[in-house]
Structure formats: C-alpha cells, structure tokens
Amino acid sequence: MISLHGTVVSGEFSRHFDLEIGHEIVGVVGQNGTGKTSLLRTIAGLSALGSGVLSLNGVTADCPAERVFVLPELRNIGMVFQDHALMPFLSAVDNAALPLVVRGMKRGKANKLALELLEQFDVADVAHQMAPTLSGGQSQRVAIARALIGDPSVILLDEPLSAIDEGSRSTVRLCIREHLNRLGVSALVVSHDFADIDQICTRIENYTR
Amino acid sequence: MTTVGSRTPRFVQMGAAFGVVFLSLPVVGLLRRVSWLTLWDQLTQSSSREALRISLYASLSATLLALILGLPLAWCLARVQFRLRRVVRALVLLPMVIPPVVGGVALLGVYGKTNGLLGGVLDSLFGIQLTYSIWGVIIAEAFVAMPFLVLALEGGLRSMNTRYEEAAAVMGASDFSRFRRVVLPLLRPSLVAGLMLAWARALGEFGATITFAGNIEGRTQTTPLAVYTMLESNPEGAYALSFLLVAVCVAVLTGLRDKWIGGISR
C-alpha cells in the first residue's frame, strides 16, 4: 500500500500529490513535466519529499517534518527505470537475478529463478548475452523481469513498454498484468500509451500541468 | 583534395620528427650498451637479484598502500562537496610535482628517528623505525605513486553514471554491496590503469627512497638505486637492470594502451 500526501521536488520542479493506492495497479498518465518520474523516484527513495508524508504498507518511509527517511534499499521496491539501467558488465540473466543476489541468495539459485522469468518474457534465448548487446526491447523485458523478481511489496514501472515493438506489446502487457496480480502488490505504471494503462491497470491517475 | 585544416605544415612535421628522435635516442643508447651475451648472468647475480626482490616487494606493497589510502580519497574528491576540497586536491598532486628528493626530506621531517614529527614517538613507544628500513622504501614509493592512482580513480568515479547505483539501491543493495557489485566493476578500467601507473612509478622511484630509506644493499637498495650504485663498479650490470626496468615500463604502457585506454591512443 502506498499513501502519499506531500510535495515531490526535483530541482526547480515541485508538485503536491495526494495518492492512496491499495493492492491495485494504478496507471499514471500526464504530459511531460508533470512530475510522473519524480513521483516514482520519491516513492523509491531516490529523492526525498519536500514536505508531507509517504507511507509504504503502513510504515512511514519519508516525513521531513519528523526527520524520517527510510533508505531505498530498505523499502522493498521493484522498479523499471525509463532507461532500463541494466548493469553493463552483467549478462541478461545476471541482471535479472541481481535483486536476489544482493539480498544474499546464492547465485545459482537466483539465476535459475531469473531464467524462468526471462522465459516468460520471451528473452531466455539472450539470457547469457551481455546487457549492452541486447536490443532496446530485449533490454526492457529484462528490466521488467528484474523489477518483478523476489517479493517486492511495491512495484514502480516507468514507461515499461516504450522500447517494445507494437506487435508484441499486448503479450508483454498481459504478462506484466498476470505477475502484478499474482504478487498482489501496489503498483504504479507510468506510460504515455493509453493502451498500456488500459490493459495493465485497474485505475488511472491523470495529471495535468 | 586536402583542406587547409587537414594539411600539416612542413615545419610541424620536422618538429615532430625531432621530438621522436629526442625521445628515442636514449632508448637506443641504452640498448646499445646492453651486453646481450651476459644479460642473464648480470640480472641473476646476487646484488641484482636482491635489488629486484626488494623492488618487487616494495613497489607492490606501496601500490597496495596507495590503493587503501587513495580509493577513499578519490571517492571524496569526486563525490563529496567539502570546503577544503581544492586544498586536498592540491595536496594529492603535490608529490607529483615536487622533486622526489624533497619528498624524501619531507618524509624524514615526519618519520625521522631523531628530529621527525612522529619518528621519535614511533621509535620510543613501539620500537618502529621507518627510516633506513624496507618500510621506509614502501612509504617513500607510496608517497610518490599515490597521485597517479588517485587521479585515475577520481576521473573514473566522476564520469561514472550514478543511475546504476540508484538501481542497485532500489533492488536492496546496501552501501557495501553497491560498492562491491556496481562501483568496482564499473570502475575497473580506471582502477587497473591507476594501479599500473602507480606501480610503474613506485618501481622507478629513486630520489625519495635514497633520501628517506637510504641505499643499503639487501635491505633498502631497490633496482634504480642498484643501477646508480653499479654504474661505477659494474656498468654492464647497471645497463642490464636499466634494460629490465625499461622493458617492464614498456610492457605496462602497452598493456594500458591495448586494454584500458584504447580510445586515447588510437
């Protein structure tokens, strides 16, 4: 569950948000510059709230007035970054397994689980290719798998289908939706494509400038 | 047709040619004096062997010491805003620009047994004497080699995109885990380049070492010091050791070019 009542700031930009998200998949739409990415970064703990309170699953994660700030590594979040941010020195499967490995799982077991996820996202054939050699679409699928692996309690997807070709988008959307439903988590999906929001999400938040 | 910008004037070509001759002549001079038939014997005679052993041990230890002290320093210079940053950066560069012998004198001022700032205390409390010991060699070499490592690491850290660390943080990686699993692999080219340059500098150190640690055969006499000493008593040995040092440095530069700084040297 995500509860945010506060001001998100990023450089010169600031915007007040009032969000209550239960175990549902919420689509965030709006023009460029309306703070969608900044909102996700704040929930993930990569930026601090300007003011107000952010709670994740009932626990205060960020509250400047009370000097509370939970570090991103303690928030248990799965996230797809707009530029995917795959580690360039790792293979696709090592990238997808990384969230498990950094939390202490043995590499062999983590890679097995990661490979299963990569299969579901149809990129198992490139599992052992290094990240920089993947196409935009393959890299994005690996990034989605990496966000879903383990048991994150909150999932944030920033333009998760932007690099995937039109023909296979709807399959990937379905796959994402299945996983989010299975995990039963709070999820936020930022997208410019209404079809993404329509097929993945259960509710829409629309922001204008 | 060549354009004005791409045409190199004759006087520039001549200047460049003289530059190449100026740099290569000493190498030719050195190679000419190497007695190839006795090279192996000269390199394996006991004083050469001892000097090479001390050089290898001290330069590797100095590189390690420079890494332990230099990596945190490079991190702070690249990523932390603090008031004295300019002063600290100037301090890091200082050993690079001062005459090494002055560096040795300065080290004596700190660790010298009789008049040093800390030398007396170290000796009376712990019985540690750095001057005229292998530790003195290591410290003198680390002092002159550290700037090369810090500069390389600072450059690497500065140009590193922090989004990978952010992604790792969101995945649950602690500070240490991010450093080990993300920063170190991304920093590897700069780290290897910095380590090789620092090691080559430590290996060739002369002025600070002879001033601070002395020139005691079998104890503090490194290869460059042995070359200096042998030049009068055994010139053949001096040229043999010099050749070895040049060969090692050429190998380091070749390694750097091919693997780590290919973009610059193309």
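In the text below, chain A, chain B and the rest are named by the order of the sequence lines, each starting its count at 1.
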Legend entry - Residue F121(A) excluded, over 12 heavy atoms near CZ under 6.0 Å: yes
Inset, instruction - Can you see which heavy atom on M87(A) is nearest to which on A167(B), and at what distance? - result: CE-CB, 4.3 Å
Inset, instruction - Considering non-hydrogen atoms only, spot the tightest contact between Y164(B) and L86(A) and give its length. - result: CE2-O, 3.1 Å
Legend entry - Over 12 foreign heavy atoms within 6.0 Å of CH2, W75(B): yes
Inset, instruction - Kindly check if the number of other-residue, nucleotide or ligand heavy atoms within 6.0 Å of CD (Q13(B)) is above 12? - result: yes
Legend entry - R85(B) atom CZ, over 12 foreign heavy atoms within 6.0 Å: yes
Legend entry - Minimum-distance pair of heavy atoms, taken over all atoms of V102(A) and G172(B): CG2-C, 4.0 Å
Inset, instruction - Counting only heavy atoms closer than 4.5 Å, note whether D175(B) contacts chain A via side chain, backbone, both or neither. - result: both
Legend entry - Gap separating the CE atom of M171(B) from the CD1 atom of I77(A), nearest 0.5 angstrom: 13.0 Å
Inset, instruction - Measure distances from R103(A) to the heavy atoms of chain B and classify the residue's part below 4.5 Å as side chain, backbone, both or neither. - result: side chain
Legend entry - Close side-chain approach of L186(B) to P88(A), heavy-atom, < 4.5 Å: yes
Inset, instruction - Can you establish whether the number of heavy atoms outside D125(A) located under 6.0 Å from its atom CG is more than 12? - result: yes
Legend entry - Part of D83(A) within contact of chain B (heavy atom distance under 4.5 Å): both
Legend entry - S177(B) portion near chain A, given a 4.5 angstrom heavy-atom threshold: side chain
Legend entry - Interchain contact, R178(B) with chain A, by part (heavy-atom threshold 4.5 Å): side chain
Legend entry - Approximate separation, where rounding is to 0.5 Å, of F89(A) CZ and L184(B) CG: 9.5 Å
Legend entry - F82(B) atom CZ: more than 12 heavy-atom contacts under 6.0 Å: yes
Legend entry - Over 12 non-hydrogen atoms of neighbours within 6.0 angstrom of CZ in F13(A): yes
Legend entry - Atom CZ of R182(A): over 12 foreign heavy atoms under 6.0 Å: yes
Legend entry - Side chains of R181(B) and V101(A) in contact at under 4.5 Å (non-hydrogen atoms): yes
Legend entry - Spacing of CD belonging to E166(B) relative to CZ belonging to F81(A), to within rounding of 0.5 Å: 6.5 Å
